[in-house]
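Since the structure comes first, as structure tokens, the remarks are kept for the end.
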Amino acid sequence: MPPCGALVIWTSVPVGSKFLLESDGDCGTYDVSALVSMNGSPFPNLEHADICRGTAAIDIDGKSQRWTIEITLIVMNKLSKGVNLEARIEDAAGNVIQVPDGTGGTEPALCQWQSGTSAGSSLEIVINVRSVKS
Amino acid sequence: MKHVAFFALALFIVPSLSAQECKPSDTIAECWGKFNPLPTAAATEAAATADAENTEDTTAAAPTGITNVASPSESSLKDFLSLLAASMESATSSEEGQAFTFDWNPPIGFAKAVGVKLQASFAETKLSDEVTKKLADADTIEELNDSLEFGDDTTFSGLMQPRNMYFGRSIDAHREWFRRLRDAVRPNTAMENDAFQLAQDALGIVSARPRFDQLVDANNQPLSADDVTTRINLIVAEARRVQARRTASAPFFEAFATLLNNQPQFYGAVIYHARKNVIGPNEWSAKFTYEFAGNNLNAFKGAHPRCADETEIALTCAQELQSFADAIRPGIERLAVSLEYHKVNRRWISDPDAGLDLGFPRTRSFVGSVAFGTNMGSMLPFGTAASGAGGARLDFTAKYELPEDDQSEEKGFVGTLTYTQKISDTFSLPLSFVYSDHESDLLNVDKRFSARFGLMYKLPDLKGLGFTR
């Protein structure tokens, strides 16, 4: 599967799915957060404590939901290796769902990125998630 | 009429120009990435401009130098935040000394306010000069040398430092404050986000993977050139909006990291040097060090006390923090001052068969040192802009040793100049020049001038072995 870019669009997501976001590495060396909005209204951020070494989650609990997740990861101290960031959508059974790939096929709703290593550098991702329509 | 014509022309020209920035053969993600690249591509892009290179020199705390507390080439910047690092040091003088050092910063879950570093340094084993002088028989010397093993000359050290709002370089103590400033410079744009998604939906964009010229209409038919241009324009317009927000806030993030990395550190260390008897006596040291750089978060909060607590002025404070960091001239300087108490244990070696009957007396001494370090541009053609490698560091250390017996020949000064060149993200090459006006077992020098070189390797994240948080 080719690597994901800084813009990700996942559509036709079944109701009952869960968007998950997590990072690794030394939590005290960076800050990661995500601005969240749905259908034009802001939602509480996903914050560092939930994302780093844990799993931050958003429940896709209705039809025609348009979620925008804007992730910002700031490296605070020089690192020997970049921080790994992973986003995915799972069904109720914990399996990564398949979403349209725009060419008639499907692909897993799973992306991974790696930050830079310089202090002050940032990794910024925009993820658009749209649930199935009413 | 002329104005209408001009406006119509502008409407025609501007979209055409936008379409040219992204091509129909680009994927949607590739088009977006031209305005908002991922870090690898961003490093390449930034390296092409002088401003970006200055920012890298200013904010990137490049190699931290030699971290072996027992080395005369010890850096002024303690790397508490590298989880595990290994370094090798070699003297190029006729002494042929070598030391291999392991560093480990164990995460302490129950005491996040404390940073801990454990270190083990394994020196190349060789007989003590006193022992070789006592032995007249070359065969006995060789036999004793052959009996030495790796680990017979080992230095163990434990370092501890407080990490809070005033000391330490971890963001943890500042995270709540940083969050308020961050939210001020990067507010949620929910309405604009939704408008983008509604437009995608109307144009049938269901993924960022396909090329623009692969998109189809509602009847699954290829799009016309104008329809392709419309979709390109949508992505470009939103990518530009996000780019503008990103470039507006990036200087604040860089400034915060700069000031955070200038925070003072205070730490104590206990060092035990364990040696086989024919190598030398065992030694104990207790060392306290304070290191600081002038412009840091403490200095900013002192100059702007309201910014520490008040949320309503967070945006103003973020701007003032950025200006505060911008005032720092390139080449961050860091100063470290330390005091060390050192004790050599008495040891007697009696081996009639080998002809050995000598002792090492118990001694006590104090060592004071000052270390000054600065990041600088690379003097050697190493590293690539894309990887961020190629930085360097210069450290100067001056030490004065004062034995308990003031008349001792081991009283005196040692100066060291160390240039550390970063080769890659994991390897650095330190090169040191040492001057000493006396012989010193404590400071491991016995020539007026000597040169040492080494290799530093930082081990990767040990997630699979359970050593990480």
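Lettering follows sequence order; numbering is per chain, from 1.
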Parallel, tilted or perpendicular, as decided by the 30° and 60° cut-offs, for the rings of A:Trp10 and A:Phe19 = tilted
Side chain / backbone / both / neither for A:Val129 at chain B, heavy atoms under 4.5 Å | backbone
In terms of the angle between their ring planes, are A:Tyr30 and A:His48 parallel, tilted or perpendicular, with boundaries placed at 30° and 60°?
-> perpendicular
For A:Leu7, is it the side chain, the backbone, both or neither that has a heavy atom under 4.5 Å from a heavy atom of chain B?
-> both
Return the orientation label for the B:Phe178 and B:Phe253 ring planes: parallel under 30°, perpendicular over 60°, tilted otherwise.
-> tilted
OG-CD distance between A:Ser17 and A:Glu90, expressed to the nearest 0.5 angstrom = 9.5 Å
Is chain B contacted by the side chain of A:Val99, its backbone, both, or neither, given a heavy-atom distance below 4.5 Å?
-> neither
Would you call B:Arg246-A:Glu70 a salt bridge at under 4.0 Å N-O?
-> no
Let me know if A:Ser12 has heavy atoms under 4.5 Å from chain B in its side chain, its backbone, both or neither.
-> neither
Interchain contact, B:Asn220 with chain A, by part (heavy-atom threshold 4.5 Å) | neither
When the 4.5 angstrom heavy-atom criterion is applied to A:Ser121 and chain B, the contacting part is neither
Rounded to the nearest 0.5 Å, how far apart are CG of A:Leu21 and CG of A:Leu46?
-> 6.0 Å
Where on A:Gln114 is there a heavy atom nearer than 4.5 Å to chain B: the side chain, the backbone, both, or neither?
-> backbone
Using a cut-off of under 4.5 Å on heavy-atom pairs, state which of B:Ala250, B:Ala208, B:Ala29, B:Ala195 scores highest against chain A.
-> B:Ala208
